[in-house]
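In what follows, a structure is listed as structure tokens, so that the remarks can point back to it.
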Amino acid sequence: QLTLTHCHLRFDFSKKRNHTLHTETKAFLKTLSQPVKIFLLSDGHEEETNFESYFKDLMRTFQEACIGLNTSLSFRSLHSLKMPQEILWLKEKYGFSETEGVLVVLGERNKFLTKEEFFHEEHFVGESTLLTTLTQLSNPPKILYWCTGHGELDGKNVHLERGGSSVCQLLQQLNFEVKYIDDCLTLPEDANTLFICGPQLPFLPQECDVIKEFLLKRNGHLF
């Protein structure tokens, strides 16, 4: 450990780089006004794993970065065998069923993450995972309607040539909530974006009129 008195720069020599935050993360935390609550859930069957150690170090860094900002970050580590009632209360309130992972709460919205989501090619990527999650929670998802009634690629199909599941996953990562629609004779009021991927049949004139109105009068987006 290297300590320099009166030096406001921090150098992270740790193997996993868990003791500093990227400037992008710090800039994003400054934009938050709602409190952040993070819970680390463990089944309690094993001693503290590397994941839990890495994650707790990261939480200390996040909490330090939030000092003096408009948001606060609270963190708790819960073991299912030692605190079953508290975990049961969390499951009922936030609607998840897992016993191991991380629950992230921002204001009224929340997301549960598995431990596997914090690793990429065996490297701990906790900061980027949390930043992505908080970004999604701070911005309500845009509603995207995926059209399927004209022989388009199917967003639920994993086939390499006719499937669009990889595109669908990418859209979800970009904070779109993907819904499916057979035709474009009407577009729901909550539609923000219409996605038409490789149609094999022509659209009816009525559908074209609806799409034009969606773009020009409702300021919708079309891909």
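Just the heavy atoms: all of them, side chains too, but no hydrogens, waters or symmetry mates, feed the values below. Residues: numbered from 1 along the sequence shown.
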Is there a donor-acceptor contact under 3.5 Å linking the side chains of Glu100 and Thr114?
no
dist Thr20:OG1 -> Leu58:CG (nearest 0.5 Å) comes out at 10.0 Å
In this structure, CD of Glu127 is separated from OH of Tyr54 (nearest 0.5 Å) by 15.5 Å
Interatomic distance, OG@Ser166 vs CG@Leu153, rounded to 0.5 Å, equals 9.0 Å
*Look at Lys91 together with Glu98 and state whether they make a salt bridge at an N to O cut-off of under 4.0 Å.*
no
Stepwise side-chain contact (heavy atoms from CB on, under 4.5 Å) check, Phe195 with Leu171
CA-CA 10 Å; Phe195 196 86; Leu171 290 169; 4.3 Å; yes
Notebook entry, point to check: Taking side chain as C-beta onward, heavy atoms only, is Trp146 less than 4.5 Å from Val167?
Noted result: yes
Next on the checklist: Is any side-chain heavy atom of Thr31 closer than 4.5 Å to one of Leu29?
Outcome noted: no
Are Asn192 and Tyr145 side-chain neighbours, meaning at least one heavy-atom pair lies under 4.5 Å? no
Tightest non-hydrogen contact, residues Ile87 and Ser80, listed as CD1-CA, 3.3 Å
Check your understanding: Does the ring centre of Phe118 sit less than 6.0 Å away from the ring centre of Phe55?
Key -> yes
Gly155 and Tyr180 have their tightest heavy-atom pair at C-OH, 3.4 Å
Margin query: What I'd like to find out is whether the side chain of His79 reaches to under 4.5 Å of the side chain of Glu86, using heavy atoms alone.
Written below: no
message = Checking Leu194 against Leu187 for the side-chain contact (heavy atoms from CB on, under 4.5 Å) test, could you report, in this order, the C-alpha distance in whole Å, the side-chain angles of both residues, the deciding distance, and whether it holds?
response = CA-CA 9 Å; Leu194 178 63; Leu187 289 177; 4.2 Å; yes
Here the gap from Lys56 atom NZ to Met59 atom CE, rounded to the nearest 0.5 Å, amounts to 12.0 Å
Verify the cluster assignment for Phe28 and Val105: are they in a single hydrophobic cluster under the rule of side-chain heavy atoms below 4.5 Å apart?
no
| Val36 reachable from Phe112 in the ILVMFWY side-chain graph, under 4.5 Å edges | no
Tightest non-hydrogen contact, residues Leu185 and Asp183, listed as N-OD1, 3.1 Å
Shortest non-hydrogen pair, Leu90 vs Phe96, comes out as O-CE2, 3.5 Å
Requested in this report: Assess the pair Phe124 and Phe119: is the distance between their ring centroids shorter than 6.0 Å?
Outcome: yes
Interatomic distance, CG@Asp154 vs SG@Cys168, rounded to 0.5 Å, equals 9.0 Å
Note to self: Please determine whether residues Phe75 and Leu113 belong to a single hydrophobic cluster, defined as Ile, Leu, Val, Met, Phe, Trp and Tyr linked transitively by side-chain heavy-atom distances below 4.5 Å.
What the structure shows: yes
* **Side chain to side chain, Phe62 and Asp57, heavy atoms closer than 4.5 Å** => no
Taking NZ in Lys156 as the centre, count heavy atoms belonging to other residues, nucleotides or ligands within less than 6.0 Å. Is the count above 12? no
Would you say Leu170 and Phe176 are hydrophobically clustered, going by side-chain heavy atoms of ILVMFWY under 4.5 Å? yes
Notebook entry, point to check: Quick check: are there more than 12 heavy atoms from other residues, nucleotides or ligands sitting under 6.0 Å from CD of Gln206?
Noted result: yes
*asked:* Does any part of the side chain of Thr186, heavy atoms only, come nearer than 4.5 Å to the side chain of Ile181, both counted from C-beta?
replied: no
Donor-acceptor contacts under 3.5 Å from residues 207-217 side chains, at least two apart:
| unit_1 | atom_1 | unit_2 | atom_2 | d |
| --- | --- | --- | --- | --- |
| Glu207 | OE1 | His150 | NE2 | 3.1 |
| Glu207 | OE1 | Leu204 | N | 2.8 |
| Glu207 | OE2 | His150 | NE2 | 3.0 |
| Glu207 | OE2 | Cys184 | N | 2.9 |

key: Within-4.5 Å side-chain heavy-atom neighbours: Leu41 and Val102   = no
CZ of Phe39 to CE of Met83, rounded to nearest 0.5 Å, is 11.5 Å
message: Does any part of the side chain of Glu52, heavy atoms only, come nearer than 4.5 Å to the side chain of Ser42, both counted from C-beta?
response: yes
Considering only distance and modelled atom types, tabulate donor-acceptor pairs under 3.5 Å from the side chains of residues 130-144, sequence neighbours left out.
| unit_1 | atom_1 | unit_2 | atom_2 | d |
| --- | --- | --- | --- | --- |
| Thr132 | OG1 | Ser128 | O | 2.9 |
| Thr133 | OG1 | Thr129 | O | 2.8 |
| Thr135 | OG1 | Leu131 | O | 2.7 |
| Gln136 | OE1 | Lys111 | NZ | 3.1 |
| Gln136 | NE2 | Gln173 | O | 3.4 |
| Ser138 | OG | Leu134 | O | 3.1 |
| Ser138 | OG | Thr135 | O | 2.9 |
| Asn139 | ND2 | Thr135 | O | 3.0 |

Shortest non-hydrogen pair, Lys37 vs Ser74, comes out as CG-OG, 3.4 Å
Of all heavy-atom pairs linking Leu32 and Asn70, the shortest is O-CB, 3.7 Å
Q: Scan side-chain atoms only and decide if Gln34 and Thr71 contain a donor-acceptor pair under the 3.5 Å cut-off.
A: no
Does Thr25 form a side-chain contact (heavy atoms from CB on, under 4.5 Å) with His22? I'd like the steps, not just the answer.
CA-CA 5 Å; Thr25 303; His22 193 277; 4.0 Å; yes
- [ ] Apply the test side-chain contact (heavy atoms from CB on, under 4.5 Å) to residues Leu106 and Arg109: give CA-CA distance (whole Å), side-chain angles for both, the deciding distance (0.1 Å), then the verdict.
- [x] CA-CA 5 Å; Leu106 176 63; Arg109 305 184 66 199; 5.6 Å; no
- prompt: Are Leu103 and Leu73 grouped together when hydrophobic residues (ILVMFWY) are joined by side-chain heavy atoms under 4.5 angstrom apart?
  reply: no
